[in-house]
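Okay, so here's the structure we're looking at.
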Amino acid sequence: MTDIFKIKELASTPVRVLVYEYLNEHQKALSLKYIESDLYDLDRSSIFRTLKTFVDHKIVHTIHDGSGSVKYALCQEGCNCDPSDLHFHFYCTTCEATYCLLDLPVPSVSLPTGFVISQANMVLSGLCNNCNS
Ligand SMILES: [Zn+2]
Ligand SMILES: [Zn+2]
C-alpha cells in the first residue's frame with residue numbers, strides 16, 4: 001500500500017501513512033473535521049498539511065459538496081486529476097456522507113472554441129443507499 005508514495009514520488013512519513021490508510025479504509029470523501037476527530041493523536045495542522053501534500057501529488061482530490069466543508073477522497077489508481085479523470089460525487093443529505101461515483105459516465109460537454117476545462121463541480125445530492133433502506 002505504501003507503494004503509492006513511491007509511485008507519486010513522495011517520501012513516506014508516519015503521518016502520511018496514517019492519513020492514507022485512514023482514507024483508504026473509509027472509501028468515502030471525508031472532511032478535515034471528521035478525519036481529525038478520529039485521528040486525534042495527530043494535530044490538526046499536520047493532518048491539514050498532509051492532505052494538502054496529497055492533493056498536490058494527486059493522491060487525493062477535493063470535493064465541494066455544498067455542506068460547507070471541503071472533503072477529501074483518495075484518487076483511483078492511475079488518476080492524474082485531469083479532466084478525463086473527473087467523476088460525479090453524491091452527497092447524502094441525511095448522513096452527510098459524500099461518495100465518488102466512479103462508474104457513472106460523465107457526459108461530454110462541448111465548450112465554445114478556446115475554452116478549456118480544468119475543474120468541474122459535479123455533485124448530486126439526495127439519499128444514499130444506507131439512508132434509503
Ligand atoms: Zn446517507
Ligand atoms: Zn471523487
Side-chain angles (χ1 to χ4, degrees):
M1 88 91 228
T2 39
D3 280 0
I4 187 74
F5 296 122
K6 226 176 276 166
I7 296 165
K8 304 284 184 177
E9 296 176 341
L10 187 64
S12 161
T13 68
V15 176
R16 285 175 188 167
V17 171
L18 270 175
V19 174
Y20 180 83
E21 282 184 337
Y22 181 80
L23 288 170
N24 196 32
E25 266 165 37
H26 284 76
Q27 294 295 337
K28 233 182 344 192
L30 302 168
S31 64
L32 174 62
K33 211 171 130 196
Y34 193 98
I35 299 169
E36 68 173 355
S37 67
D38 264 352
L39 298 179
Y40 49 82
D41 290 351
L42 305 175
D43 69 89
R44 185 193 171 95
S45 61
S46 51
I47 298 175
F48 181 71
R49 248 183 297 123
T50 302
L51 289 169
K52 204 182 164 300
T53 307
F54 282 180
V55 171
D56 292 344
H57 283 78
K58 296 170 181 167
I59 294 173
V60 153
H61 57 282
T62 52
I63 300 128
H64 300 267
D65 59 13
S67 66
S69 37
V70 181
K71 294 204 179 143
Y72 301 86
L74 283 188
C75 291
Q76 289 299 101
E77 212 184 310
C79 172
N80 286 309
C81 298
D82 288 333
S84 60
D85 292 313
L86 288 171
H87 51 266
F88 279 103
H89 290 99
F90 191 95
Y91 173 64
C92 175
T93 50
T94 299
C95 67
E96 300 184 344
T98 300
Y99 301 87
C100 294
L101 301 180
L102 298 164
D103 297 332
L104 210 65
V106 174
S108 64
V109 279
S110 0
L111 290 168
T113 318
F115 288 73
V116 181
I117 298 185
S118 61
Q119 233 188 355
N121 204 17
M122 302 182 295
V123 180
L124 310 170
S125 63
L127 285 181
C128 73
N129 53 357
N130 288 323
C131 296
N132 190 28
S133 57

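Predicted model only: the values in this text are computed from it and were never measured. Every number for a ligand or one of its atoms is a count from 1 in the order of the listing.
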Residue pair C92 / L127: nearest heavy atoms and the distance that separates them: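 Distance-wise, the nearest heavy atoms are SG-CA, 4.1 Å.
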By side-chain contact (heavy atoms from CB on, under 4.5 Å) - contacts of S45 (at least two apart):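 Testing S45 for side-chain contact (heavy atoms from CB on, under 4.5 Å), a comparison that skips the adjacent residues, returns D43, R49.
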Under 4.5 Å between side-chain heavy atoms, counting indirect links through other Ile/Leu/Val/Met/Phe/Trp/Tyr residues: same cluster for Y99 and L102 or not?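 Each belongs to a different hydrophobic cluster.
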Let me check something: do Y34 and Y91 share a hydrophobic cluster, defined by ILVMFWY side-chain heavy atoms less than 4.5 Å apart, either directly or through other members?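 Unlinked, Y34 and Y91 end up in two clusters.
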Backbone or side-chain N/O/S of C75 under 2.8 Å of the Zn ion (ligand 2):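 It does not; every qualifying atom lies at 2.8 Å or beyond.
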Which protein N, O or S atoms sit under 2.8 Å from the Zn ion (ligand 1)?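 The answer is C92 SG, C95 SG, C128 SG, C131 SG.
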For the Zn ion (ligand 2), find the closest N/O/S atom belonging to H89 and write down its atom name.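 For H89, the N/O/S atom sitting closest to the Zn ion (ligand 2) is NE2.
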Give the atom name of whichever N/O/S atom in H87 sits closest to the Zn ion (ligand 2).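 This turns out to be NE2.
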Aromatic rings H87 and H61: how do their planes relate, parallel, tilted or perpendicular, breaks at 30° and 60°?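 The rings of H87 and H61 stand perpendicular, inter-plane angle above 60°.
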For the pair L86 and I117, evaluate side-chain contact (heavy atoms from CB on, under 4.5 Å) and give the outcome as yes or no after the intermediate values. CA-CA 10 Å; L86 288 171; I117 298 185; 4.3 Å; yes
First locate atom CD of E77, then atom CD1 of I4, and finally report the distance between them rounded to the nearest 0.5 Å.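 Separation between the atoms: 7.5 Å.
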